[in-house]
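The block underneath contains the structure these notes are about, expressed in structure tokens.
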Amino acid sequence: ENIDQAGVGIETKLQTGKINQGNIALKRVVEAIANGDSYIPFRDSKLTMLLQDSFEDDGTKILMILCASPDLREIHKTIGTLEYGAKAKCIVRLLISPLREKPSSLDEMELSVLEARIRGMNDYIFKLQQDNKLKDGEKKEIDNALVQREKDLSDLRKKIEEMEQERMKASGEKELEKQNNEMK
């Protein structure tokens, strides 16, 4: 929330500040879960404490709606929002929550967590690779256009040089003819 856009009243600005604190705490929780940290800071705000069961419960689905602005003046906010959403996409939960039930083998649980994280990261890497392929294709097109323009420029320079030589030759012939006429 933007405090400057919140309004004139102090109460409105305080409420906006509290919303921002909750959003920041939620961001830390999402990052901690996505990174697989052993400590998740659920107690940092009331919002994250309320959502703790949703993050831990196997029967819940997590849905995040991101709001992005098409306004170029807000591009930095839009990029930050999309990066946050990409991080939230990496959240992986087990079918059996480790906080509610102890698995029969800790190694099996760790293995399933790692496999789930690897699948999530592979999907993310695949998306990045696809983006890179698109950018590489665009770069090749630009490079080819640049090479063509350099060739055209070189051809134009040669043509100018040839025309300059012809002009010099023609002016030299005229000068020679003028001197011959003066001698006669």
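Starting from 1, each residue takes its place in the sequence as its number.
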Would you be so kind as to tabulate the donor-acceptor pairs closer than 3.5 Å made by side chains of residues 158-172, with sequence neighbours excluded?
residue : atom : partner : partner atom : Å
Glu164  : OE2  : Arg167  : NH2          : 2.5
Ser171  : OG   : Arg167  : O            : 3.2
Ser171  : OG   : Met168  : O            : 3.0

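Under the 4.5 Å side-chain heavy-atom criterion for Ile, Leu, Val, Met, Phe, Trp and Tyr, Leu51 and Leu66 are members of the same hydrophobic cluster. Linking Ile, Leu, Val, Met, Phe, Trp and Tyr whenever their side-chain heavy atoms come within less than 4.5 Å puts Met64 and Val29 in one cluster. Ile19 and Leu50 fall into different hydrophobic clusters, where Ile, Leu, Val, Met, Phe, Trp and Tyr residues are linked whenever their side-chain heavy atoms come under 4.5 Å apart, directly or through other members.
Atom CD of Glu11 is separated from atom CG of Leu14 by 7.5 Å, given to the nearest 0.5 angstrom. Rounded to the nearest 0.5 Å, atoms NZ (Lys13) and CG (Asn20) are 13.0 Å apart. To the nearest 0.5 Å, atom NZ of residue Lys135 and atom CG of residue Leu128 are 9.0 Å apart. How far CD of Glu31 is from CG of Asp37: 9.5 Å, rounded to the nearest 0.5 Å. To the nearest 0.5 Å, atom CG of residue Leu153 and atom CD of residue Glu150 are 8.0 Å apart. The structure places CD1 of Ile40 at 11.0 Å from OG1 of Thr48, a figure rounded to the nearest 0.5 Å.
Heavy-atom minimum distance, Arg43 versus Met49: CA-CG, 3.8 Å. Minimum interatomic distance between Tyr39 and Ala32 (heavy atoms only, all atoms of both residues): O-CB, 3.9 Å. Closest of all the heavy-atom pairs between Leu47 and Gly22 is CD2-O, 3.6 Å.
Residue-environment remark: CD (Gln130) exceeds the threshold of 12 foreign heavy atoms within 6.0 Å. Counting heavy-atom neighbours within 6.0 Å of Leu72 CG, excluding the residue itself, gives a total of 12 or less.
A donor-acceptor pair under 3.5 Å is formed between the side chain of Thr78 and the backbone N or O of Ser69. Thr81 places a side-chain N or O within 3.5 Å of a backbone atom of Lys77 that can act as its donor or acceptor partner.
Under the side chain to side chain donor-acceptor pair (under 3.5 Å) criterion, Asn144 pairs with no residue at all, not counting sequence neighbours. A search for salt bridge (charged side-chain N to carboxylate O under 4.0 Å, His left out) contacts involving Lys127 returns Asp131, not counting sequence neighbours.
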Walk me through it: do Lys140 and Asp136 pass the test salt bridge (Lys or Arg N to Asp or Glu O under 4.0 Å)?
-> CA-CA 6 Å; Lys140 284 181 182 178; Asp136 285 344; over 6 Å; no

